[in-house]
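Below is one structure, written out as structure tokens; comments come after it.
Only heavy atoms go into these numbers, but all of them, side chains included; no hydrogens, no water, no symmetry mates. Order of the sequence lines fixes the chain letters, A, B, ..., with proteins taken first and strands second; residue numbering starts at 1 for each chain.
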There are 2 protein chains.
Amino acid sequence: MTTQTLTRNQGLVLDVLSHSQSPLSAYTILDKLRDSGFRAPLQVYRALDKLLEFGLVHRLESINAFVACAHPDEDCHAHGITAFTICETCGKVTEFHDHVIEDRLKGFARDRNFKTGKTTIEIRGTCAGCA
Amino acid sequence: MTTQTLTRNQGLVLDVLSHSQSPLSAYTILDKLRDSGFRAPLQVYRALDKLLEFGLVHRLESINAFVACAHPDEDCHAHGITAFTICETCGKVTEFHDHVIEDRLKGFARDRNFKTGKTTIEIRGTCAGCA
DNA sequence: CAATTGATGTAATAACATTACATTCCAATT
DNA sequence: AATTGGAATGTAATGTTATTACATCAATTG
């Protein structure tokens with residue numbers, strides 16, 4: 001998935017997220033794109049839905065915000081479960097993948113015949129720089 | 001922490017959650033407690049804050065809802081990180097603890113001098129009964 | 001060209017959560 | 001018994017996040 005294949009709105013939203021140092025809410029994105037012609041939340045949410053589907057953006061469930069994927073060139077979905085640390089002071093987000101954790105979670109689900117959909121792993125706390 | 005020490009509002013909210021087969025939103029709880037005198041969201045949120053603090057209730061970040069803890073007699077906080085499976089069809093929630101996952105997450109954080117606060121692990125999908 | 005599909009624009013509303021401020025309750029101390 | 005300080009409560013208003021509904025537009029394809 002390259003930037004080429006994105007629509008104008010999707011490209012604008014991804015651009016805003018990519019240049020942000022911290023996660024942004026949908027409404028913050030909307031405000032940043034007013035000058036580009038955005039008028040309503042739905043324009044943002046629709047673009048975000050596609051970017052999430054493409055694996056170019058992640059949703060942080062615990063803070064209702066969105067971040068650009070740290071490695072958009074690869075297919076982030078292919079890496080399996082993505083986990084995050086989220087600094088509550090500066091907003092810095094670090095993305096990581098741990099196959100051991102993934103295996104344990106999948107094992108737990110399999111043992112109970114639970115069909116796994118989207119999995120969320122988010123650690124909120126304080127990053128090294130803010131400690 | 002026994003039920004004895006709860007205030008009236010806290011007890012009412014916990015009671016509603018304890019008798020529910022699935023997670024409830026704060027506003028659903030409010031509706032269920034109108035007859036008991038609840039009038040405003042804040043009454044629910046304040047009770048929930050305390051119940052969360054006591055470890056009697058969990059917040060499911062990915063669906064903005066709350067559940068009673070599966071083992072309220074023990075101190076759930078003491079068990080470390082709590083993980084959940086959440087059935088998107090019937091709402092059934094299963095709570096579990098995995099020390100391997102916990103160690104991996106703590107190790108990752110420690111390696112980066114990230115001071116861990118609250119950690120969220122939620123698997124959304126379909127339970128055995130709904131598959 | 002008609003039909004289909006995906007994207008967009010706009011307005012309205014729903015769902016979730018907090019701020020601000022006044023009041024009440026209750027236990028501890030005087 | 002009165003005082004007082006902290007926790008809990010009541011109420012209104014507002015702020016924040018997300019969706020529904022409906023009309024339109026653009027590209028593709030049969």
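Computed from coordinates, the B:F38 CZ to D:dA12 P distance equals 16 Å when rounded to whole Å. In this structure, the CG atom of B:L12 is 15 Å from the P atom of D:dA8, given to the nearest Å. Atom CG of B:N9 and atom C1' of D:dG10 are 10 Å apart (whole Å). When rounded to the nearest whole Å, the span between CZ of A:R8 and P of D:dA27 equals 15 Å. Between the CG atom of A:L42 and the C1' atom of D:dA23 there is a distance of 13 Å, given to the nearest Å. If you measure from atom CG of A:L30 to atom C1' of D:dT16, you get 13 Å, rounded to the nearest angstrom. Spacing between atom CG of A:D49 and atom C1' of D:dT19 amounts to 11 Å, rounded to whole angstrom units.
Each of A:R46 and B:S25 lies near DNA chain C, and the nucleotide nearest A:R46 is the one positioned closer to the 5' end. The 5' end of DNA chain D is approached more closely, in terms of each residue's nearest nucleotide, by B:Q10 than by the other of A:R59 and B:Q10.
Between B:F84 and B:H58, the ring-plane angle classifies as perpendicular under the 30° and 60° cut-offs. Ring planes of B:Y27 and B:Y45: perpendicular class, angle over 60° (limits at 30 and 60°).
Within the structure, a side-chain polar atom (N or O) of A:Y45 is placed less than 4.0 Å from OP1 or OP2 of D:dA18. For D:dA18, the OP1/OP2 oxygens have no side-chain nitrogen or oxygen of B:N64 closer than 4.0 Å. Regarding contacts with the backbone of D:dA7, every side-chain N or O of B:T7 stays at 4.0 angstrom or more from both OP1 and OP2.
Aromatic stacking is not marked for A:Y27 over D:dT16, as the cut-offs of 5.5 Å for the centres and 30° for the planes do not both hold.
Of the charged side-chain nitrogens involved, at least one lies within less than 4.0 Å of a carboxylate oxygen, so that B:R34 and B:D31 count as a salt-bridged pair. At a threshold of 4.0 Å, the pair B:R104-B:E102 does not count as salt-bridged, since none of the basic side-chain nitrogens sits closer than that to a carboxylate oxygen.
The CD1 atom of A:I29 sits 6.5 Å away from the CZ atom of A:F66 when rounded to the nearest 0.5 Å.
For DNA chain C, the contact window with chain A, defined by any atom under 4.0 Å from a protein heavy atom, covers C:dA7 to C:dT10 in 5' to 3' order.
Between B:R124 and B:T85, the side chains place no donor N or O within less than 3.5 Å of an acceptor N or O (distance only, hydrogens not considered).
For B:H71 and B:H97, the ring centers are positioned less than 6.0 Å apart.
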